[in-house]
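Beneath this line is the structure, given in structure tokens, with notes to follow.
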Amino acid sequence: MEVLNRNVMRELIGDDNQLMKKFELEFLKQARESMRKITGLYNNNQVVLIKEEAHFLKTSAKAVGAELTADILQQLELIAQENNKAQCKDAIVQLNVALKQVYGAVRS
Amino acid sequence: MKLATREPKVVLVYENVEDISGASQIIASLGEEYRAIAFDNTTSDFVIRIKPAVLLFALSSVDKVIKFYTQLIEEKQLSHPHYTILLCNNRDSNAAFHCCVKGVFDDYFVYQPLYEKLRLIMIVQHGLLLCGVKNVTTEFSTDVVEPIDDSREQLIAVARACKRQYLSGQTPMNNPSNGDLSPLPNLDPARQNSASPIDDETAANEILPEFSDFAGDDDLDLPITPHEISDEMKGGKRILVVEDNPIYRDMLVGVLKRAKYEVDEARDGLVALSKVTDNEYDLILMDLFMPKLDGLNTTKQLRGISKRKDTPIVALTGNTNKELIRKWASYGLKGYLIKPSNNNEILACVSRIVKQKDPSPA
Amino acid sequence: MQEAYLTQWRCAPFAMLVIDQKLEIVAANQALEAMLQLEQEQLNGLHLAAIFDCYDQVLPLANQPIKNSEIFGQFVLTPTTELNVRLTVSAIDNGIITIMVAIAQDWQSDFKRINNSLSRLSFAVDAADIGVWEYDLKYGGSYFSEKCRELLNVSSQQPFSWQDFIGLVYDDDVTILEAFLEQHVKYNIPLNLDFRLQVGNELRWFHMRGEVVLLRGEAQNIKGSLTDCTHAKQIVTELNDAMESKRIAMDAGQIGTWKSEYDQQGQWCWSWDEMTNNMFDLLPQQTGDIDKLFNQIHPEDADMVKLALEASLTQGIPFSLNYRLLLKNDDVRYLVCRGRTTKNIGDKNYRIDGICIDQSTVHRYQQELQQLNSELEVRVVKRTQELELAKEQAEHSSQIKSDFLAMMSHELRTPMNGVIGSLDLLATSKQTADSMDLIQSSMTAAKNLVFILNDILDINKIEAGKLSIEERPYCLSEIIDNVIQVFVPIAAKSNLILKVSEDPGIPLMVKGDAIRMRQILFNLLGNALKFTHSTAEKQGVVLLKVSLDNSDGRNLRFDIIDNGIGIGAQTQKQLFKPFIQAELSTTRKYGGTGLGLAICDNLVQLMGGLIVLTSAPGEGSTFSVTVPFKSVEEQHEIYGDALDGVKVALRCLSDFGQASSARIALSLLASCQGITVTNYGIGDKDELDSDATFIVATDLSRELEQLNGLLGESVAGDPVILLVCEPDIELARYHYPALKILRMASLTRIQTIESTINMIKQADELQLDDFDDWDLDPELGSEDCNSTMLTGEILIVEDNPLNQKLILKQMDNLGFTCDLAHDGLQGIEKWKNNDYRLILTDCHMPNLDGYQMTQKIREIERNEQRSEIPIIAVTGAAMSGDAERCYELGMSDFVSKPVQLADLRKVLTRWY
């Protein structure tokens, strides 16, 4: 699993670097907002609702090839479903780190 | 009372204004153009001129109404399509019934005493619809109609969506005809008749053998036979992409458009249903987990729309939850794709299914 | 009478007669017949007095006859002879008197007669209070009658000579008397004079008459009368006086008198005085000629006068008329005439007395006055009209100016909002420190400009009377906190201490106008900070004190106290008027439009409150705002039970901090239910086992060690807040970078409560990096927002190109792709053809504005039974009326310009 597997997108939409960049940035924006929402939900003790948000972001994470992120999101989905707040916290922190990594990868 | 309009669609002919004030207000809340006129020697001229779609009569006796109405018809004044409603008091309800059952009037309603105001609205509404009046209201203010709770509302929304055929003027049918469907290679033809209540258990069992190809396999795509479809063929093929994540959706749309398909998109099930009702698609690509109406339920509804029940649906899913896929499949899936998939797979799947619709490829 | 007696009586030798009560003879005897040579028959019926010429004596007989009384009379026997007789009453019998007649001696009857006369005279004289005197010229003797003596108050016994008499005469009158006497004696000039005599203590007036008695041509003596005429004299004098007075008065008042009397011939006789005569311009000889008088009356009034006069004369109606005279030379006189009738005993009007006054001059003055009056009125009306016109014009000009001002401000605000929005966005992307600075400065400047424009619009609204004060529940402490937090950095930068003191007794929620309250506090605090400085000698301090008015708790009181440059008395008077700052130099030095205070004053007044300024140059200023306190019926706990059962610890590192920690305790206890606050002393156990801890440091450098001990092994995330004084902030941050540090002085109530809540949450909460610093804007080139590949989920409807760019960028930043429409019409088209999740629309656009577009969309949705798409309005100014309007028309929510990322994010989270 990679932080940012560019092949995924290549295989999906073709070898259009500009378009890929666009989608990557779009993804980061989306992820940023999602991150906020998820943290907010966590702080408001609405852990179960995190599942939907995680699932949603997972789709685009997969689509742009952010495999690691997608994986964490998958886990977060399951944890959230079980309403496990403590584990949730860890997952969210991990997600945070993962996204930072994606950002790094995109910007390079 | 609503201001009198010039071209009322609903006209109420009355003898005593006090009698009809309550009923009149109720009818007015429909929001359609509505007039109440007193019964005198100008009435017939008025009716002739206005040609209302719905005519209500509130005269002092049933006989009077029958006589007047007969006169109008004899003089060939009421030749346009119209719907007549006889308003009467409780005692006359028997007489009114006879009239209606023998086809003189289309319906009757006891307005003295007036117990069921909503019933009256319903009757008038019915009449308007039957006469082909467009844009009939379904929204009523809360002082006329009490609201219902959210869950029921949702239920209704779903049901309504599937009953959309009402609007096209077709006669209501609750049992879709068993239309012929080209046999699908891996799925039970019996499952095509989706309108009848489906037994999930039997479904699972029945399709299990046929699904053996898919079971336990990550790489579960349908056999890829990249039939090349010519661009001309593709041209005119319309695909609907139903997916809530805009990034992925955009990608899919991009993929398809680049392959020269005509693509529409929807972000959730409800929007999808609305699009499907209005348009014919050659294929629907649909996500499983979506907000509002998820893939499963959307499919159910889609199948309920008789003219669309042939439309092929391909599932998009990030989950590899076999149970769920199986369940979904029972509602008639042509195949599924695991997100995000890739260009080739997507196109291959699409072209295969789309081609299936055309018995003779060029 | 018996026959016998009668015969006897007839034959009696004495002459007798009988008279009846009428004194007529009824019987006479033979003797009498013989005396008188008359037969009884001739005598019977004759009156006694007639026969005997004794008229003057018979009276007693008629009334009270006395036996033996005598009367002397005379009988004419023959033409040449007379008989003197003496009549004696001999018997009286029921009114019938028998009288004996005897021949009398001459002298007897004479004597009696004379005696009678004399006594009658004396009696009369006495009764008339006439004193008699006599003065013998030859021998100087004198006689004074008894009455005379009485009048002179001289007793009868007292010897009284003529000299004595003269001695009594008043000094001034002596000469006159003697002259008269001399004249009288010498030349027979009648002695008839009045003079004064000393009688007793008084001086009395006497009237003397006298006649000299001559003997053989020589004056023998003077005899005369003396009467006391003091009384009469007085009356006369008084009467004269009165008459004189009246005459003078009448003369002075130019009052003429007239009268008329009904005479015996049945005619009214007229008379009037000279004044009246002159008034009527009559000749002296025409006085009393009523016709001539009537001639003088003005022909138009003559009838009226006649009628009135007749009425008075016949019916006694008082005469009261003002009429004119038309004299020769067309001279008109105006007369006031009044008259009264008097009735006689027969109840008939028999006389009329009246006056008349020439009031021509008065009349003339009246006329002139009236004319002047009407002239004046005309002038006034004209002047008023002119003024009205001028006023209207002035108002009109003023209105035009105001409208212009308002329009300009609106127009100016729009591009400003664009600038601010752009700067806001710019600030989110990565910048160098310098660029950031510039951006901040531009932001500040732009925001300031918008504030000024808002002020102008406000003052305009206030003057037009269009500003209304809301009454809605709001959290006062939140507003205070809001304003304070804005100013904390500003104060820090200027080295000022900003202090807050909130009375914990004030409820969290009050009723009123939050926005305006904020405006007022913002203005006043801004001013205070602007005009206060810290010098080497003095630390600049601005204090905001919020309290309940002592007197009745019905007022909220805000005191903004500073120790700045102060305000002079002259300036204070002008201060609250718009556009006037302290002085021109102040404006130049400190900037500002001078509107703030005027607006504050107006707002406070509209709230029913008062601003009071106390200040003197060099002594700082205190602005005290008192507004009526309106409490909210239900004090809903804003913080609910967020702090229920929470234990808060307060620790002071020194005694100086006690006051501050007490304030914190009060704030918390007053605002949060179920909270417990414990104050730990300096030496108390060091474990931080409470849910939240406040540590108060007053002099950090000294307290560092202690603090270290307390904090010890605590980690970031432990619920601790350190409160320090301004100068210690840097130090604190240096030593404890992970610790939450707040300023003690400006700690507001809300801050206290919210930081406590945050401390509780902190333990649980995730505080992650929000990637605010991510630079996600693609390089130039892919700025095409209308890319064909991507269809937006959000529709932006906005006509202004700059704003379009801005908002698309903002949305992009938030991760949304958007479609664009240039106005309402295009908006509807796009909405019909595409499937959006949300519409963000500006309100004011050409062709079809935001409101109309919303209405149309909602209508279509209704007709086609579609569900409502969220429509968010972008409004110019968040005026309360606007919000309502938005919702009414079917809009789901609104954001107000300038639109900042935070606003967008909030609204999108809600509706997307």
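Below, chains carry the letters A, B, ... as their sequence lines are ordered, and counting in each starts from 1. All values below were derived from every heavy atom in this structure, side-chain atoms included, with hydrogens, water molecules and symmetry-related copies excluded.
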Roughly how far, to the nearest 0.5 Å, is [atom2] of [Y] from [atom1] of [X]?
| X | Y | atom1 | atom2 | result |
| --- | --- | --- | --- | --- |
| B/M290 | A/E52 | CE | CD | 12.0 Å |
| B/L252 | A/I13 | CG | CD1 | 11.0 Å |
| A/S60 | B/R249 | OG | CZ | 11.5 Å |
| B/I247 | A/K29 | CD1 | NZ | 9.5 Å |
| B/M251 | A/T59 | CE | OG1 | 11.0 Å |

Kindly indicate whether the side chain of B/N343, heavy atoms from C-beta on, has any atom under 4.5 Å from the side chain of A/E11.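 Not in contact.
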Are the side chains of B/Y248 and A/V64 in contact, using a 4.5 Å heavy-atom criterion?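 No; the side chains remain at least 4.5 Å from each other.
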Which atoms of B/L316 approach chain A - backbone, side chain, both or neither, heavy atom under 4.5 Å: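 Contact with chain A: none, neither part.
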Can A/Q30 and B/N245 be counted as having a side-chain donor-acceptor contact under 3.5 angstrom?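 A/Q30 vs B/N245: donor-acceptor pair found between side chains.
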Quick check: does any side chain N or O of B/R258 sit under 3.5 Å from a backbone N or O of A/G14, one acting as donor and the other as acceptor?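 No, B/R258 side chain to A/G14 backbone: no donor-acceptor pair under 3.5 Å.
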Which pair of non-hydrogen atoms, one from A/L12 and one from B/S341, has the smallest distance, and what is that distance?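 So the minimum-distance heavy-atom pair works out to CD1-O, 3.8 Å.
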On a heavy-atom basis, which atom in A/A63 and which in B/P340 lie closest, and how many Å separate them?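 Looks like CA-CB, 3.7 Å.
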